[in-house]
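The next block holds one structure in the form of structure tokens; read it before the comments.
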Amino acid sequence: MTDAVEAAATGADAVRDDHYDVHAAEAKWLDVWAELGLYRAGDDDDPRPRKYILDMFSYPSGDLHMGHAEAFSIGDVGARYWMMRGYNVLHPVGFDSFGLPAENAAIKRGLDPVAWTYANIATQAEGYRKFAVSFDWSRRLATSDPDYYRWTQWLFLRFFERGLAYRKASPVNWCPNDQTVLANEQVISGRCERCDAVVTKRNLTQWYFRITEYADRLLDDMAQIEDGWSDQVLTMQRNWIGRSVGAEVDFVVEGRAEPVTVFTTRPDTLFGATFFVVAVDSDLAAELAAGNESEAAYLVYREQVAAISDVERQATDRPKTGVFLGRYAINPVNGERMPIWAADYVLADYGTGAIMAVPAHDQRDLDFARAFDLPVRVVVDNGETETITSGTAVPGDGRLVNSGQYDGLSKDDAIERITADLAKQGKGKKAVNFRLRDWLLSRQRYWGAPIPIVHCATCGEVAVPDDELPVRLPESSTVDLAPKGVAPLATATDWVNVACPTCGGAATRDSDTMDTFVDSSWYFLRYCSPTYPDGPFDPAEVRRWMPVAEYTGGREHAILHLLYARFFTKVLFDLGLVDCEEPFTRLYNQGMVIMAGSKMSKSRGNLVNLGDELVAHGVDAVRVTMLFAGPPEEDIDWADVSPTGALKWLSRVWRLAGEIGPAPEIDEVEDPPLRRVTHGTIAEVTRLVEGHRFNVAIARLMELTNAIRKSVDAGHLGAPSVNEAMAALTTMLAVFAPYTAEECWERLGHAPSVHQQSWPVHDPALSTAQTVTCVVQVNGKVRDRLEVPPDVDEAALRELALSCDGAERAIAGAAVRTVVVRAPKLVNIVV
RNA sequence: GGGCGAGUGGCGGAAUGGCAGACGCGCACGGUUCAGGUCCGUGUAUCCGUAAGGAUGUGGGGGUUCAACUCCCCCCUCGCCCACCA
């Protein structure tokens, strides 16, 4: 402060040469802030309105990287803004600390996953602290804490009790590299999301969450969050759930007691069904081929299909393959015999794994029919059915033909009538199908929450009693961690062998651990009462804080974490544990930080090290760079932005604060236009911050900086309006550049902390201008500008506009046809 | 193949249907300087013009409107997601 006073006294020149040492400022304030306890959420009796501001917690990989810096810069603005607006803000931090990297470090380098993980957490926590994120550190948690996973297990048991967690055998995605199964959501175009290895199928008995039971609600409840989530994420979730409405139709199969049911969205095309296809890898296919002369051919074909990877199998331009099974199904509407084929274009795990093929109206069926010379029959005529002979199916709308009593009906009418008639005859019914599959949650890995189930030969699957939770992980030294396709926990014999909780007989623990997405599906609830000993969370606290007002994180979680967290919340709602059905009211997905046009990666050699950037430009400049680069949801190309420019601005502000300092006010040098700029800026920045338009908000603060600079240079040092402007600038800067704002606040002669100040309030009387610039257009082209009072009369403005120089020149004697007057901003003269 | 989103100066990007290019980067020129990655000022879409001023201009083509970056239709390009889902 003494420096600032002295500088102000010795004149501007001395200050301008002053150097803003960002690192000194960083070193200076962290402890002060910690002592003031600035960001701790208020207690139960805090009268302020509450707001829960959440950033997606991170995997503790060690130091923060550029992606973290962007995400947390964005989330922090919201948290700080609402704190300054007088809200009781919960802005917690934690670590998603179970997962493969810890285990891989253990396997590769012989490190203890516990020690490795917690060392990384310490490093990352320090990184967050230096980055000055306004976290309430008192609520910090880690999903690998026994205190946390105890409740993950507890929640699993509640799901288990309700039948929402169950075990089944089925072909599952298998990553041959990580030696573990993967959820559908973790398979990206046939490859492992983590390691990019080509995923194969294995038939295994695994644990699932019955998320499909919630498919309808996951779709319907999107209405509650439509205003707060981007269309992009909502659409992705909708597509992922993939609800389709149609009918289930029963087909009698010759020589089989039970009919076979198929799902179709087009029951109106039933008369066009000319053959029948079952998934080659389904049980039904094997059954139909069994003991049949076609069995040999079927088995060969099944071998061929099994040999190709999912990646190849899913290539849509692949020619259709299949074998005739020598069996026939009867079309329920016309009694026709349809040959049954096995093919790999029909999926075993969607619908019933069997379809009626309507080649005229489905491209895939037509491709198949042409490959095997099967009949094609048009049943919906749209006037352009001749394309079928050249290989293009007619999928759309039209009138029914070749369909007996239904001829002439429209598609929609036919769907309704045929479905109703089938239902009457007991041969079918209206049905809904989902693309969404149940969530496979078992993982054959060590570093995760053990599944709290004991397998007993007499009692079956037995839940570990609640009071025996947590089922702790055995010491890593007692476990063989090497990937071998068997769960590592199974090798810890002392741990695995237990007495059955029900009958006391010899039993074994389930040796799989849970997918880490289970951990992250409820962490936002634990934050509300992180040390609550009697349950996963204190329902009263959750009622007070939930739902989350603003949730910030990467778009990569659009269908993984965000879908699972919504599912968990709904189950907990049904259990009566939470009040809200949707956990996140507003979702903000920030873009990525890329480098020179492409994703940063080691192999590309274009990694930008956050630590280096922080050393070169300081925390605040990096934050401002991230926020000023563009809209938060867009990617930032680090090659296109200028941290130096950001630092330049911050230095300008800092020097201005030094020049203005705590010097006494001198009323005689007042600068009224500056007041208008100040109050106009406050109004706009407030609106922009609330709308997450941070890049524009910063642009407005830069303009205010320029205005103050001009005023000071014009000799207004000491004017109350200058002090007011500088104070407003400094307090608003606090949400973007916490260190610099604090430093400026001190230079202005105030005690810490600027972060305890209220967000400035604008005075509408001061922010409205005395005059408005009115644009005069002739035929839509700007020809002149007039300074007019904001409440100018329409008729008067019209006359003024018609007689101004620019308009007269452009009209040049032509006849005026119309004059559009939008007082006070615009007049358009049409000639 | 389907769905969603986006195309604006040399660059990142501004603009409730009403002044296109705010703000910043870069660049140019000038000033200051005890030599620095951190200062001040001026200019900077394109074309014609010394200037005043004029013409053109928001991926391309049409349309609605007094007025279109903005709304509607067609096309092109790019990005993301899903991808044989019956």
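Naming: A, B, ... by sequence-line order, numbering from 1 per chain.
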Would you call A:D349 and A:R437 a salt bridge, taking side-chain N to carboxylate O under 4.0 Å as the test? yes

Determine the Euclidean distance between corresponding P atoms of B:C23 and B:G43; express it in Å to zero decimal places. 11 Å

Record whether the side chain of A:K320 comes under 3.5 Å of the base of B:C84 through a donor-acceptor pair of N or O atoms. yes

Distance check: side-chain N/O of A:R822 vs OP1/OP2 of B:C66, anything under 4.0 Å? no

For B:C71, the nucleotide meeting Watson-Crick or G-U wobble distances (both under 3.5 Å) is B:G63

Any idea which of B:G18, B:C40, B:G13 is nearest the A:L826 side chain? B:G18

For the residue pair A:F694 and A:F736, does the interplanar ring angle fall in the parallel (under 30°), tilted (30 to 60°) or perpendicular (over 60°) class? perpendicular

Between A:N433 and A:S244, is there a side-chain donor-acceptor contact under 3.5 Å, judged purely by atom types and distance? no

Categorize A:K825 for me: base, sugar-phosphate, or nothing, with a 4.0 angstrom heavy-atom threshold over every strand shown. nothing

Contact class for A:V346 (heavy atom, under 4.0 Å): base, sugar-phosphate, or nothing? base

Whole angstrom is fine here: how far is it from CZ in A:R783 over to C1' in B:C66? 15 Å

Output the rounded distance in Å from CG (A:L560) to C1' (B:C80). 15 Å

How far, in whole Å, is B:A14 from B:G61 if one measures between their P atoms? 25 Å

What integer distance in Å separates A:D349:CG from B:C84:C1'? 13 Å

Given B:C19, is OP1 or OP2 found less than 4.0 Å from the side-chain N or O atoms of A:N828? no

Could you encode protein contacts along nucleotides 3-12 of chain B as a string, one character per nucleotide from 5' to 3', using B for base contact, S for sugar-phosphate-only contact and - for no contact, with a heavy-atom cut-off of under 4.0 Å? S-------SB

Atom-pair distance (CG on A:D637; P on B:G24), nearest Å: 21 Å

Rounded off to whole Å, could you give me the CG-to-C1' distance for the A:N706 and B:G41 pair? 12 Å

Are A:R435 and B:A83 close enough that a side-chain N or O sits under 4.0 Å from OP1 or OP2? yes

Taking only N and O in the side chain of A:S244, is any of them less than 4.0 Å away from OP1 or OP2 of B:A86? yes

Using the P atom on both, measure B:U65 against B:U77 and round to a whole Å. 32 Å

B:A22 versus B:U58 - spacing of their C1' atoms, nearest Å: 15 Å

Is the shortest side-chain N to carboxylate O distance from A:R709 to A:E659 below 4.0 Å? yes

Of A:R437 and A:V830, the one whose nearest nucleotide on RNA chain B sits closer to the 5' end is A:V830

Residues A:L563 and A:W240: closest non-hydrogen pair is CD2-CD1, 3.7 Å

Can you confirm whether the side chains of A:T705 and A:W649 place a donor and an acceptor under 3.5 Å from each other? yes

Write down the distance between NZ (A:K781) and P (B:A20), rounded to a whole number of angstrom. 10 Å

Write down the distance between CD1 (A:I636) and P (B:G24), rounded to a whole number of angstrom. 19 Å

Which comes earlier along RNA chain B counting from the 5' end, the contact point of A:I355 or that of A:T818, where each point is its nearest nucleotide? A:T818

B:A86 phosphate, OP1 or OP2, under 4.0 Å from A:Y350 side-chain N/O: yes

Does anything in residues 686-705 of chain A form a salt bridge (charged side-chain N to carboxylate O under 4.0 Å, His left out)? List the pairs, not counting sequence neighbours. A:R85-A:E690, A:E684-A:R687, A:E684-A:R700, A:R700-A:E703

Just checking A:S642: base, sugar-phosphate only, or nothing, at a heavy-atom cut-off of under 4.0 Å? sugar-phosphate

Assess A:K320 against A:Y345: is NZ or CZ under 6.0 Å from the centre of the six-membered ring, and within 45 degrees of the ring's axis? yes

Counting heavy atoms from C-beta on, name the nucleotide in B:A14, B:G18, B:A22 closest to the side chain of A:N695. B:A14

Are A:D805 and A:R809 close enough for a salt bridge, meaning some N to O gap below 4.0 Å? no

Is the shortest side-chain N/O distance from A:R652 to OP1 or OP2 of B:C40 below 4.0 Å? yes

To the nearest Å, give me how far apart CZ (A:R555) and P (B:C82) are. 13 Å

Have a look at A:A646 and say if it touches a base, only the backbone sugar-phosphate, or nothing, with a 4.0 Å heavy-atom cut-off. nothing

